[in-house]
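Data first, discussion second: the structure below is written as structure tokens.
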Amino acid sequence: MKTKIFTGMLASAALALSASTASAATLDDVKAKGFVQCGVSTGLSGFSAPNDAGEWSGIDVEYCRGVAAAVFGDPSKVKFTALTAKERFTALQSGEIDILSRNTTWTMSRDTQLGLNFAGVNYYDGQGFMVRKALGLNSALELSGASVCVQTGTTTELNLTDYFKANNMEYKPVVFEKLEEVNAAYAANRCDVYTTDASGLYSIRLTLDNPDEHTVLPEIISKEPLGPVVRQGDDQWFNIAKWTHIAMVNAEELGVTSENVDLEKDSENPNIKRLLGTEGNFGESIGLDAEWAYNIIKTVGNYGEVFDRTVGAGSPLKIERGRNALWTDGGLQYGPPIR
Amino acid sequence: MNNDSNAQSSKASLLYDPVARSIFFQCLTVAIVAWLVYAGINNAITNLEKANVASGFGFLSDRSGFDVSQSLIEYTNDSSYLRAFYVGLTNTLLVSALGIFFATIIGFAVGIGRLSQNYLIRKICMVYVELLRNIPLLLQLLFWYKAVLGVLPNVRDAMQVGNIYLSNRGLAIPKFIPEAGASTIFWAFVVGIIATFVVAKWAKKRQMKTGQQFPTILVGFGLVLGLPLLALIVLGFPFVIENPELGGFNFRGGSVVLPEFVALLLGLALYTAAFIAEIVRSGILAVSKGQTEAAYALGIRPNITMRKVIVPQAMRVVIPPLTSQYLNLTKNSSLAVAIGYPDLVAIFSGTVLNQTGQAVEVVLMTMLVYLFLSLVTSTFMNWFNSRVSLVER
């Protein structure tokens with residue numbers, strides 16, 4: 001009898017194991033638990049870092065708030081999981097998080113081999129080098145023989161190898177798992193060069209004791225399209241992730257902001273009408289209500305607003321729009337039409 | 001009638017036979033365990049397939065494409081992931097072996113020091129043990145790393161002694177590049193060790209027969225150090241010396257001992273030594289005072305009493321927990337990841353796992369390596385334990 005109970009327990013445990021894989025309908029799971037679980041970095045200011053009040057802030061964080069607003073109409077219904085570069089994909093694959101918004105570079109191998117889907121690009125970045133001004137360097141081509149601090153498990157590590165190899169230069173890697181460890185090692189002069197995405201370098205430079213003693217070299221050695229990631233096999237959730245970003249970009253293009261969105265609701269412009277759900281049933285087609293985009297824009301803002309207050313002119317980082325400007329302004333941010 | 005009752009009793013005996021029952025339940029247990037393992041593996045494979053995650057060990061032969069700061073074997077970014085695995089493995093073995101060596105020496109010294117007649121030595125050793133074994137190892141490693149980096153000067157103001165330079169980029173030392181014939185020196189060293197064993201055996205035999213003692217330790221030292229030295233002189237120093245020179249950003253040429261390595265070795269050795277010290281102390285105290293008194297009564301000198309009477313008996317108590325400490329040290333070396341030393345965990349289940357995304361395979365391989373290392377260590381220590389254990393007659 002006892003054995004029978006024991007076997008029964010084992011069998012049910014095994015069933016529970018196989019049932020724990022991420023099932024297809026992420027949206028239903030999210031609605032059932034009442035919040036979106038979003039994976040972010042362990043602290044990269046401008047992208048995802050806790051602010052003075054202990055709340056997460058940054059462009060990646062705002063994106064997740066946008067998803068929460070689209071699903072629930074409430075941007076606060078999101079919980080954040082801080083992940084290292086090493087942990088991020090496993091956390092998403094295993095279903096620990098619903099969406100990964102952690103300055104993650106879109107590459108072919110990640111998109112195809114890991115069972116993941118990239119839902120767009122919310123920041124066009126490129127890898128750069130930061131050095132101490134005292135070294136008197138003008139170009140990354142003068143870096144031969146240098147010690148380079150880098151974070152493990154990033155595309156950065158591979159680009160670094162390729163760049164030095166292509167230019168017949170030597171270097172000594174100093175590799176850490178956590179961003180804070182890399183920062184500390186660079187600050188302690190363990191290495192001459194700090195390499196990561198250029199936006200990251202600007203953000204890290206501000207955290208150093210004397211930001212003015214450091215400079216970012218002009219070379220950008222790679223393409224780093226950073227964007228949100230979801231699991232493969234759930235097209236509905238993939239669509240929500242994609243169109244949250246697109247809605248924010250299109251809102252900026254159409255001049256709809258968090259402040260004028262209520263006025264724009266009466267607009268006669270059919271593009272705005274479709275975006276804000278007063279015409280058509282686009283919300284329904286991705287499993288949300290008609291006001292999904294209105295909620296994003298009302299509570300979080302359009303792409304331009306978010307960019308400005310997290311990394312742009314309205315933030316300490318003061319990064320220019322550059323490639324992240326709208327296509328109408330010569331940038332790369334281009335939202336497919338809602339129709 | 002008679003037959004019938006016989007058949008009945010044999011039937012009953014099979015059901016109530018303790019041997020048959022225990023075999024049945026053991027088979028059942030094995031079957032359940034086997035089924036669990038099968039279900040687990042099957043579950044993992046199905047789930048990976050369902051999630052469209054690539055699986056299998058084919059990735060091991062792909063090009064790694066990243067560099068490593070310290071490698072004992074030849075490795076470039078064109079090497080395979082498997083090669084990177086070996087680099088991590090050898091780095092782990094290096095720091096573990098050296099850690100065990102230094103932890104044993106420091107541990108024995110401190111352990112004996114705690115039993116010293118001298119008040120100052122006794123108290124210093126006590127403070128050492130209580131301080132180091134009560135602070136988490138990770139914090140100690142971070143402390144040593146910060147201390148090493150913080151105290152040492154910048155690479156351009158490196159401290160210099162002869163051709164040796166010390167800076168926060170590590171210890172740059174001249175590199176001896178062997179020329180033809182250099183391997184003879186290594187073989188002379190091996191011959192020296194073997195010869196020492198032979199001499200020790202002969203000396204013991206002679207002492208058993210005639211009672212005469214032989215200075216085995218002195219002769220052993222002479223053989224192990226003297227023979228390679230002799231070979232070195234005879235061959236006319238078959239090495240080219242490559243001195244480190246400051247060029248551009250770093251030292252070029254020579255060998256560099258990384259500060260991460262030093263910090264990790266210091267942390268591991270000092271931490272484990274504190275535990276070994278307590279084990280040694282308990283081992284010595286476990287030998288009853290009567291043994292010492294009996295040895296003295298026989299007229300044996302204190303020095304020899306310690307070596308021939310106390311220590312051999314203490315070892316029985318010391319070896320098993322000492323084995324655990326060696327295993328702990330090897331496993332703790334995986335904390336290297338926190339301070340940037342490229343050990344197995346940092347390279348393989350860090351960088352490689354990330355670049356390939358093959359989490360299940362990579363973590364499995366890493367776990368098997370640690371399991372294998374631990375089993376080898378404990379097999380050796382068990383063998384050693386059976387050698388020093390009390391022979392009961």
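Chain letters run A, B, ... following the sequence lines, proteins first, then strands; residues in each count from 1. Just so you know, these numbers come straight off a predicted model, no measurement behind them.
Residue with the most contacts toward chain B among Asn189(A), Thr152(A), Val174(A), Leu135(A): Asn189(A) (heavy-atom pairs, distance under 4.5 Å). Put simply, of Glu260(B), Arg156(B), Arg169(B), Gln358(B), the one with the most heavy-atom pairs under 4.5 Å next to chain A is Arg169(B). Of the listed residues (Leu353(B), Val352(B), Leu258(B), Asn168(B)), the greatest number of heavy-atom pairs within a distance under 4.5 Å of chain A belongs to Asn168(B). Contact count versus chain B (heavy atoms, under 4.5 Å) is highest, among Leu158(A), Val182(A), Leu114(A), Val193(A), for Leu158(A). The most heavy-atom pairs under 4.5 Å with chain A, out of Ser64(B), Ala346(B), Pro342(B), Gly65(B), come from Gly65(B). Highest contact tally toward chain B, considering only Ala188(A), Ala184(A), Ser109(A), Ser147(A), is held by Ser147(A) [criterion: heavy-atom pairs under 4.5 Å].
Formation of a donor-acceptor pair under 3.5 Å by the Asp60(A) side chain with backbone atoms of Ser48(A) is not found in this model. Formation of a donor-acceptor pair under 3.5 Å by the Trp237(A) side chain with backbone atoms of Ile99(A) is not found in this model. With hydrogens and angles disregarded, no donor-acceptor distance shorter than 3.5 Å links the side chain of Arg205(A) to the backbone of Thr215(A).
Residue Lys178(A): no heavy atom, backbone or side chain, is found under 4.5 Å from chain B. Within the 4.5 angstrom heavy-atom criterion, only side-chain atoms of Lys172(A), from C-beta onward, approach chain B. Both the backbone and the side chain of Asn250(B) come within contact range of chain A, judged by heavy atoms closer than 4.5 Å. If you measure heavy-atom distances from Thr356(B) to chain A, the contacts under 4.5 Å come from the backbone alone. Heavy-atom distances place the backbone of Ala85(A), and not its side chain, under 4.5 Å from chain B. Heavy atoms closer than 4.5 Å to chain B are found in the backbone of Glu142(A), but not in its side chain. Tyr171(A) touches chain B through its side chain: at least one heavy atom from C-beta onward sits under 4.5 Å away, while N, CA, C and O do not. For chain A, no part of Tyr341(B) is nearby; none of its heavy atoms comes within less than 4.5 Å. For Val155(B), no part lies under 4.5 angstrom from a heavy atom of chain A. Using a 4.5 Å cut-off between heavy atoms, Gln70(B) does not touch chain A at all. Residue Leu152(B) does not touch chain A at all, counting heavy-atom pairs closer than 4.5 Å. Residue contact with chain A, scored on non-hydrogen atoms closer than 4.5 Å, involves the backbone of Ser349(B) exclusively. Within the 4.5 angstrom heavy-atom criterion, no atom of Leu116(A) approaches chain B.
Within a 6.0 Å sphere centred on CZ of Arg21(B), heavy atoms belonging to other residues, nucleotides or ligands number 12 at most. When the shell of 6.0 Å around CD of Gln232(A) is examined, it contains more than 12 heavy atoms from other residues, nucleotides or ligands.
Summarising the geometry of Gly39(A) relative to Leu83(A), their closest heavy-atom pair is CA-CD1, 3.9 Å, with the distance given to 0.1 Å. Between Thr105(A) and Phe118(A) the shortest heavy-atom distance is O-CZ, 3.4 Å.
Remark: Tyr75(B) pairs with no residue by the ring-ring contact (aromatic ring centres under 6.0 Å, His included) rule, at least two apart or across chains.
Residue Gln127(A) is tested with Thr195(A), Asp197(A), Thr196(A) for a side-chain hydrogen bond (donor to acceptor under 3.5 Å, both in side chains); the sole match is Thr195(A). With Glu224(A) as the partner, the side-chain hydrogen bond (donor to acceptor under 3.5 Å, both in side chains) test is satisfied by one option alone out of Thr155(A), Thr107(A), Thr104(A): Thr155(A).
A salt bridge between Asp67(B) and Lys165(A) is absent, with no side-chain N of the basic residue lying under 4.0 Å from a carboxylate O of the acidic one.
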